[in-house]
Amino acid sequence: MKYWLMKTEPEMYSIDNLKEDKRGSWDGVRNYQARNFMMEMQKGDLVLFYHSNTKTIGVVGIAKVIKESYPDHTAYDKKNEHFDPKSKKENPTWYMVDVEFVKKFKNTVTLEEIKNNKKLKDMKIVQKGNRLSVTPVSKKEFQTIVEMSQ
DNA sequence: GCCAACGTTGGC
DNA sequence: GCCAACGTTGGC
């Protein structure tokens, strides 16, 4: 089993939205590296749910992959903000996965706390200038984050 | 295939 | 709202 971190802006879609919906499709990813990571995801993989671009930045909870990558249909929809004319149904450019709500942390593990933890210095989100919305996380890093949330 | 211009992301 | 750091685009 693998572990991941996925970023979202809570104004757009927060952990509370996922909790309410129980499950959600992670569509709209239009970055090749992030897409490639999504295509590696397997059913049962766990995801650190990260809030960016907000007051309290950090990991707010856990989600689980329940459907492995499949073509992102929002790329074909002209009215969708993520429409991409280059993505063809015969040969899709973009993919998405489905995730399920697992838990919301009692305490958000903030970016500041992550930065201050030497064990987490290799995480992509603490390295400067990283803008990837989907990144792999090691088992150790995942467990450390979970411990920090308690 | 290079690279300048432009757009986006995301922390502050 | 600013701006640094990237990714993407398009002219040559």
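Chain naming here is simple, since letters A, B, ... match the order of the sequence lines and numbering starts at 1 in each.
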Who else is in the cluster with [X] when I, L, V, M, F, W and Y are joined by side-chain contacts under 4.5 Å?
{"X": "Met96(A)", "value": "Tyr70(A)"}
{"X": "Trp94(A)", "value": "Tyr32(A)"}
{"X": "Met39(A)", "value": "Tyr95(A)"}

Query raised in the report: Roughly how far, to the nearest 0.5 Å, is CZ of Arg131(A) from NZ of Lys124(A)?
Result: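 Answer for the NZ-CZ pair, Lys124(A) versus Arg131(A), is 16.0 Å.
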Query raised in the report: Got a sec? Which of residues 27-38 of chain A come in under 4.0 Å of DNA chain C, heavy atoms?
Result: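 Output list: Tyr32(A), Gln33(A).
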Report task. For Phe101(A), check ring-ring contact (aromatic ring centres under 6.0 Å, His included) against everything at least two apart and list the hits. Result ->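 Not a single residue meets the ring-ring contact (aromatic ring centres under 6.0 Å, His included) criterion with Phe101(A).
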Query - Residues in ring-ring contact (aromatic ring centres under 6.0 Å, His included) contact with Tyr3(A), at least two apart in sequence or another chain - result: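 If we apply the ring-ring contact (aromatic ring centres under 6.0 Å, His included) test to Tyr3(A), skipping adjacent residues, the hits are Phe142(A).
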Query - Interface limits on DNA chain C, where chain A has a heavy atom under 4.0 Å of a nucleotide atom - result: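 In short, chain A contacts DNA chain C from dA5(C) to dT9(C).
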**Report entry** Qualifying side chain to side chain donor-acceptor pair (under 3.5 Å) pairs with a residue from residues 134-150 of chain A, counting only residues at least two apart or across chains
**Finding:**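 Every side chain to side chain donor-acceptor pair (under 3.5 Å) pair that includes a residue of residues 134-150 of chain A, provided the two are not neighbours, is Ser138(A)-Glu141(A).
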Requested in this report: Would you please name every residue forming a salt bridge (Lys or Arg N to Asp or Glu O under 4.0 Å) with Asp16(A), sequence neighbours left out?
Outcome: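 Counting only residues at least two positions away or on another chain, Asp16(A) forms a salt bridge (Lys or Arg N to Asp or Glu O under 4.0 Å) with Lys104(A).
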Query raised in the report: Looking across every strand, which nucleic acid part, if any, lies under 4.0 Å from Lys115(A) by heavy atom: base, sugar-phosphate, or nothing?
Result: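 Counting heavy atoms under 4.0 Å across all strands, the contact made by Lys115(A) is with sugar-phosphate only.
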**Report entry** 5' priority, DNA chain C, between Lys86(A) and Asn53(A) [closest heavy atom]
**Finding:**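 The residue closer to the strand's 5' end, by nearest nucleotide, is Asn53(A).
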